[in-house]
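Proteins come first, then strands; the chains are lettered A, B, ... in the order of their sequence lines, and each starts at number 1. Both backbone and side-chain heavy atoms feed into the values below; hydrogens, waters and symmetry mates do not.
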Number of protein chains: 2
Amino acid sequence: MIFITIYTNIRVEQGNRGSDDMARKKSETSPARRGRPPAYDAETALKRATETFWRTGYSGTSLDKVAAATGMSPPSLYAVFGNKHALYLEALARYWEISLAATREALAGDHPLDEALMLAYDAALSIYFSGKGAARGCFVVGTAVTEVAEDAAIRSSVAAGLRMIDADFEARFRLAQDKGELKRDADPAALAILASATMHTIAIRARAGARRSELREMARKAVDVLCGCRR
Amino acid sequence: MIFITIYTNIRVEQGNRGSDDMARKKSETSPARRGRPPAYDAETALKRATETFWRTGYSGTSLDKVAAATGMSPPSLYAVFGNKHALYLEALARYWEISLAATREALAGDHPLDEALMLAYDAALSIYFSGKGAARGCFVVGTAVTEVAEDAAIRSSVAAGLRMIDADFEARFRLAQDKGELKRDADPAALAILASATMHTIAIRARAGARRSELREMARKAVDVLCGCRR
DNA sequence: TCTATTTAATAACGCTCGTTACAAATATTG
DNA sequence: CAATATTTGTAACGAGCGTTATTAAATAGA
């Protein structure tokens, strides 16, 4: 079988076609670089690369597959990201940014504890079930955890991310305790671990084929237990 | 760099050297097969292959690495296991057998609920921290979950295993409720999900470099919460 | 000893891997 | 227009991938 790769799709909009005003305006903001202008948007490329790693993992994804997904040639990918490992590391960092922000935002509003937790799990489910086709679960749990055993850079990224989620949950439980939503003798650190654990089990099950409604139900029940020691 | 693979190590003991009695005895029990006797033990080979997949994942492990680990040549591996995929599937099935049995045994004794749960987590930790070098965590979480997105056979194995652990935990919580160890209005299914979730988060964190003592402490606290709705 | 039978290792298959020289393409500057 | 700078795609690199055809080795039975 012959595999013909057709590079397409994410070429940067030139923009300075049809309107000289816009072209001139653009050259005012960015002082007009010298050589051939970049044809691709690094941001979009990173997103497409992430999608690919997400499905088939780091070791299971070849650079040719990433090239096909981004529409870029391998040398262009190297020029922008360095190499495969650096590209994955950047995808991982970006994923942490987005998913940590989502969790933090869900927990930050002034909702009751149980609602706040459900918002966090709903945010996670939105990510785990994003993209077309079957659910991919969490990018970290689904792809990074495998590499973590032999790759120090990935390991420290994962370890740091896990600590942050734990800390966010713990802060929210501590706040709930201060506000009287939680019993005085509850252990915020313990509850935080269980809240993280619930997120991890959902991540695993989503990738393994569980239905979204089923996972939301699990989250619901877990929240009931975690807030059970209420008031 | 030249990589010279030296096949060694797991050759089957011939046994019928030095003593004709033993040779004759052996030919009595097993009626003496015709051709060249097998030099390798499939059981040992599967164990060694598992160790290798466990560290570097399915996609990240080449058949040459497995060959080096087992001391077998690639054709011998194919003769015994079929191909790489079938070999991994067999390793996965065997791992489920062992780890499910360990959990079931821990929960089966007539210990109090909290002790039974801790026995289960201690059994898991023994597996996650087995082998030399840094902890590899859970074989399923560490290697199968990545493949699950694109591999139907691995996916159904993982899904089935997850269901079984859930069921085992739920049965134990239900028993606890019947014995009066747990409040009447506790939800055994919900507690079972959280018990599984705790196991999953421990699996992830172990591979990501967490210390064993730290993870045991997490388990301890989780058990406290899960049994907190006691009597 | 010769033949039949079973397992083992060598060496290669075609293909894909991550990576990179290289030259063509496209822009600004003089 | 020529010179310079930057990004592009083509085509290749050596190495490794999963897999297999082939042949050698080692046993039992005739």
Verify, without hydrogens or angle tests, whether [X] (side chain) and [Y] (backbone) share a donor-acceptor contact under 3.5 angstrom.
{"X": "B:Tyr128", "Y": "B:Arg212", "result": "no"}
{"X": "B:Lys221", "Y": "A:Leu194", "result": "no"}
{"X": "B:Thr143", "Y": "B:Val140", "result": "no"}
{"X": "B:Arg207", "Y": "B:Arg136", "result": "yes"}

Rounded to whole Å, please give me the gap between [atom1] in [X] and [atom2] in [N].
{"X": "B:Tyr88", "N": "D:dT19", "atom1": "OH", "atom2": "C1'", "result": "21 Å"}
{"X": "B:Asp64", "N": "D:dG18", "atom1": "CG", "atom2": "P", "result": "7 Å"}
{"X": "B:Lys84", "N": "C:dC15", "atom1": "NZ", "atom2": "P", "result": "19 Å"}
{"X": "A:Leu63", "N": "C:dC17", "atom1": "CG", "atom2": "P", "result": "9 Å"}
{"X": "A:Tyr78", "N": "C:dC17", "atom1": "OH", "atom2": "P", "result": "12 Å"}
{"X": "A:Met72", "N": "C:dT19", "atom1": "CE", "atom2": "C1'", "result": "15 Å"}
{"X": "A:Leu77", "N": "D:dT7", "atom1": "CG", "atom2": "P", "result": "14 Å"}

Among [options], which is the nearest nucleotide to the side chain of [X]?
{"X": "A:Arg33", "options": "D:dT8, D:dT7, C:dC17", "value": "D:dT7"}
{"X": "A:Pro37", "options": "C:dT26, C:dT10, D:dG9", "value": "C:dT26"}
{"X": "B:Pro38", "options": "D:dT7, D:dT20, C:dA8", "value": "C:dA8"}

Toward the 5' end of DNA chain D, by each residue's nearest nucleotide, A:Val80 or B:Lys65: A:Val80

A:Ser196: which of A:Thr103, A:Thr201, A:Asp166 passes side chain to side chain donor-acceptor pair (under 3.5 Å): A:Asp166

Residue mapping more 5' on DNA chain C - nearest nucleotide basis, B:Gly35 or A:Gly82: B:Gly35

Aromatic ring proximity, centroids under 6.0 angstrom, B:Tyr88 and B:Tyr95: no

B:Leu119 side chain near B:Leu107 side chain, heavy-atom distance below 4.5 Å: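 With C-beta onward as the side chain, the pair stays apart.
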
Side-chain N or O of [X] less than 4.0 angstrom from OP1 or OP2 on [N]?
{"X": "B:Ser76", "N": "C:dA9", "result": "yes"}
{"X": "A:Asn83", "N": "C:dG18", "result": "no"}
{"X": "A:Ser62", "N": "C:dC17", "result": "yes"}

Any protein N or O atoms within reach of nucleotides 21-24 of chain C? Criterion: under 3.5 Å, listing atom names and distances.
none

Touch class at under 4.0 angstrom, heavy-atom based, for A:Ser59 against every strand present: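 Contact class for A:Ser59: none.
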
N/O donor-acceptor pair, side chain A:Arg34 with base D:dT4, under 3.5 angstrom: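 Side chain to base: pair present.
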
